[in-house]
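The structure appears below as structure tokens.
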Amino acid sequence: MTFNGQRLKSARIYRNMNMTELADKVGVKKQAISQFENGLSNPKPETEFSLITTLRFPRAFFYQKDNYLEINNTFFRALSTTNALDKKTQEIKTKLVVQIYNFLCEYLDLPTLNLPKISHNEEDIETIALSLRAHWNIGELPVRNMVNLIENHGIIVSAFDVNSDKIDAFTQVHNISTFPQYCVIVGNNKKSAVRRNFDIAHELGHIILHSNIENLEELSNEQLKELENEANLFASAFLMPRNAFYNDLTNANDLLSYISLKKKWHVSIAAMLIRAKSLGRISMKEYQSLMKSISYKKWKIHEPLDDDLKIPVPTLFSSAIDVLFENNVMTPQAFVNEISNYGLAMYPDELENLLSLSKGTLCVRDNQELATNRVIALKKVL
């Protein structure tokens, strides 16, 4: 076996360290880390041990070959201002999530990608949002759980700590064979159901509107801001369909009336005011007055019902793994071992974090305690 310098680089970036920071923790020079990562030299046994313990990856991880997975684009909410290392850290983590998803596809029939063919150049955003709702057969009903909705239509979702105030949610796009895969990551820093709902709808906007963009890095800051504006408009139109939401705005000038609307539509009061203004239900002057009231009541930080509405969480990975365990295809330990054989040697707690699994999922459990309502089934070959 040969030490894989690219795996060292991946582990370093995964832990959000630059070469100088890792060198200081390990007790070598920055140049040594560079040589290890570029395959110009291999670490001595004592240095290798220090690298392993510092980066908290199994030794096998650094001796495995990389599974090739091309990243087409990653849509970050604040792409132009997000720290480069922070972006790379999240890209590495998301790449691992997608690789584990594809590992599970070898055993399970996971929901297939179900998106309509829509031309952003030919249709306006309002029409596109309604077209997607029609395609998914949800009419103009409120969507209380965007995470569950997009998971059931073949979009990969996970939630973990992103360790950056500038990253709320992002989408990574891959091409697997001849079809795209989309992975949406939401940060755990926002403790609000309605904000997570909007974040997911925003990322869905990027998937629907901007998937044909070949390289985001070539766009100007103004162009990136326009993409963000379009994704916000899509999220607003998708979560608050024009006719149904307009009809609910019977007391649009009464700020307190938006509390009951929030409970129904699972959208923040601030976002509903923006939507009410865009639909012509309130004037600019009325909008500004209502927003001042929000500031006065300190609702910009914490709105009514924020503590009451349950935050939607990803369930696809937990459901998929439960199916494997329930059907005795794998034990938790066997799952960790098979992931390692797949080329992704990782500790159980790290896998639980990446896949939004409850702590202890990859420990031995009683199958009778597992839920039975699944949208996932074993492949027929099993």
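Since the model is a prediction, treat every value here as computed from it, not as a measurement. Position 1 is the first residue of the sequence; numbering continues from there.
- No donor-acceptor distance shorter than 3.5 angstrom exists from the side chain of Trp136 to the backbone of Ser131, with no hydrogens or angles considered.
- No hydrogens or angles considered: nothing links the side chains of Ser340 and Asn337 as a donor-acceptor pair under 3.5 Å.
- By the 4.5 Å heavy-atom criterion applied to side chains, Val97 and Tyr101 are not counted as neighbours.
- Here the OG1 atom belonging to Thr171 is positioned 11.5 Å from the NE2 atom belonging to His210, to the nearest 0.5 angstrom.
- Closest approach of Leu104 and Leu110 over heavy atoms only: CB-CD1, 4.2 Å.
- At least one donor-acceptor pair closer than 3.5 Å links the side chain of Tyr258 to the backbone N or O of Ala252.
- The closest donor-acceptor contact from the side chain of Glu21 to the backbone of Asn18 lies under 3.5 Å.
- Note that the CZ atom of Arg281 and the CG atom of Leu273 stand 12.5 Å from one another [nearest 0.5 Å].
- At a cut-off of 3.5 Å, with distance as the only test, a side-chain donor of Gln172 or His174 sits close to an acceptor on the other residue.
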Fill in: Criterion salt bridge (Lys or Arg N to Asp or Glu O under 4.0 Å) on Arg7 and Asp66, from CA distance to verdict
CA-CA 7 Å; Arg7 278 298 177 93; Asp66 289 312; 2.8 Å; yes
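- Taking 4.0 Å as the cut-off between side-chain N and carboxylate O, Arg15 and Glu350 count as a salt-bridged pair.
- Using a 4.5 Å heavy-atom threshold, the side chains of Lys93 and Leu354 count as touching.
- Interatomic distance, Gln333 CD to Cys363 SG, rounded to the nearest 0.5 Å: 9.5 Å.
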Worksheet entry | Trp299/Ser293 under side-chain contact (heavy atoms from CB on, under 4.5 Å): CA gap, chis, key distance, verdict | CA-CA 9 Å; Trp299 287 2; Ser293 295; over 6 Å; no
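- Judged by distance alone, the side chains of Thr94 and Glu91 never bring a donor and an acceptor atom under 3.5 Å apart.
- Between the side chains of Glu228 and His202, at least one donor-acceptor pair of N or O atoms lies under 3.5 Å.
- Remark: side-chain polar atoms of Asn38 are not paired, donor with acceptor, to backbone N or O of Gln35 under 3.5 angstrom.
- Checking Asn148 against Asn152 by side-chain atom types alone, a donor-acceptor pair falls below 3.5 Å.
- By the 4.5 Å heavy-atom criterion applied to side chains, Pro43 and Phe3 are counted as neighbours.
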Discussion item. Applying side-chain contact (heavy atoms from CB on, under 4.5 Å) to Phe335 and Thr361, what does each step give before you reach the verdict?
Written reply: CA-CA 11 Å; Phe335 176 78; Thr361 295; over 6 Å; no
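- Among all heavy-atom pairs drawn from Ser220 and Gln223, the shortest one is N-OE1, 2.8 Å.
- Minimum interatomic distance between Asp306 and Glu303 (heavy atoms only, all atoms of both residues): OD2-N, 2.8 Å.
- Not a single donor-acceptor pair under 3.5 Å links the side chain of Ser236 to the backbone N or O of Asn232.
- Glu48 and Arg59 are joined by a salt bridge, as a carboxylate oxygen and a charged side-chain nitrogen come within less than 4.0 angstrom of each other.
- Taken together through direct or relayed side-chain contacts under 4.5 Å among Ile, Leu, Val, Met, Phe, Trp and Tyr, Leu40 and Tyr63 form parts of separate hydrophobic clusters.
- Here the CD1 atom belonging to Ile269 is positioned 12.5 Å from the CD1 atom belonging to Ile274, to the nearest 0.5 angstrom.
- Note on Leu239: it clusters hydrophobically with Leu309, by side-chain heavy-atom contacts below 4.5 Å among ILVMFWY residues.
- His266 and Asn145 share no donor-acceptor pair across their side chains, judged by distance under 3.5 Å alone.
- One side chain, Gln181 or Asn102, offers a donor N or O that lies under 3.5 Å from an acceptor on the other.
- Residues Ile301 and Ile311 fall into different hydrophobic clusters, defined by Ile, Leu, Val, Met, Phe, Trp and Tyr side chains chained together at heavy-atom separations under 4.5 Å.
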Practice prompt. Kindly indicate, with the supporting measurements, whether the criterion side-chain contact (heavy atoms from CB on, under 4.5 Å) is fulfilled by Lys9 and Gln6.
Written response: CA-CA 5 Å; Lys9 182 178 180 180; Gln6 284 302 306; 4.1 Å; yes
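- Distance alone, capped at 3.5 Å, is enough to place a donor-acceptor pair between the Thr53 side chain and the Ser50 backbone.
- Of the charged side-chain nitrogens involved, at least one lies within less than 4.0 Å of a carboxylate oxygen, so that Glu37 and Arg12 count as a salt-bridged pair.
- Cluster annotation: Val313 and Phe170 are assigned to distinct hydrophobic clusters (Ile/Leu/Val/Met/Phe/Trp/Tyr, side-chain heavy-atom contacts under 4.5 Å, transitive).
- For the 3.5 Å distance criterion, the side chains of Arg196 and Asn188 qualify, holding a donor opposite an acceptor.
- By the 30° and 60° cut-offs, the orientation of the rings of Phe245 relative to Trp265 is perpendicular.
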Practice prompt. Show your working on side-chain hydrogen bond (donor to acceptor under 3.5 Å, both in side chains) between Gln31 and Ser34 and close with a plain yes or no.
Written response: CA-CA 5 Å; Gln31 289 78 5; Ser34 178; over 6 Å; no
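- The main-chain N or O of Leu316 is never found under 3.5 Å from a side-chain atom of Ser319 such that the two would form a donor-acceptor pair.
- Using a 4.5 Å heavy-atom cutoff, the side chains of Leu55 and Leu22 are in contact.
- Scanning for ring pair (Phe, Tyr, Trp, His ring centres under 6.0 Å) contacts around Phe61 gives Phe57, with sequence neighbours left out.
- Relative to the ring axis of Phe238, Arg133 places its NZ or CZ within 45° and under 6.0 Å from the centre.
- Side-chain contact check for Ile138 versus Leu149: some heavy-atom pair is nearer than 4.5 Å.
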Fill in: Worked verdict on Val184 versus Ile156 for side-chain contact (heavy atoms from CB on, under 4.5 Å)
CA-CA 6 Å; Val184 174; Ile156 308 165; over 6 Å; no
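- Legend: residues meeting ring pair (Phe, Tyr, Trp, His ring centres under 6.0 Å) with Tyr342, ordered by chain and number and at least two apart, are Phe103.
- By the criterion of side-chain heavy atoms lying less than 4.5 angstrom apart, applied directly or through intervening Ile, Leu, Val, Met, Phe, Trp or Tyr residues, Leu216 is grouped together with Ile208 in one hydrophobic cluster.
- Side-chain contact between Tyr107 and Glu338 is present, with at least one heavy-atom pair separated by less than 4.5 Å.
- For the pair Asn42/Phe36, no side-chain contact is recorded, criterion being any heavy-atom separation below 4.5 Å from C-beta on.
- Across all non-hydrogen atoms, the minimal contact from Ala193 to Lys310 is CB-O, 3.3 Å.
- For the atom pair OH of Tyr287 and NZ of Lys292, the computed distance is 12.5 Å after rounding to the nearest 0.5 Å.
- Between the side chain of Glu286 and the backbone N or O of Ser283 there is at least one donor-acceptor pair closer than 3.5 Å.
- Looking at heavy atoms from C-beta onward, Lys25 lies in side-chain contact with Met17 at the 4.5 angstrom threshold.
- Closest non-hydrogen pair, Arg242 versus Leu279, comes out as CG-CD2, 3.7 Å.
- None of Arg275, Lys262, Met240 except one satisfies the side chain to side chain contact (heavy atoms under 4.5 Å, CB included) rule with Val267; the exception is Met240.
- To the nearest 0.5 Å, the span separating CG on Leu204 from CG on Asp199 amounts to 12.5 Å.
- The closest donor-acceptor contact from the side chain of Asn197 to the backbone of Val143 lies under 3.5 Å.
- The minimum heavy-atom distance between Pro180 and Leu113, with the atom names listed, is O-CD2, 3.7 Å.
- In this structure, the side chain of Asn327 engages the main chain of Val323 through a donor-acceptor pair within 3.5 Å.
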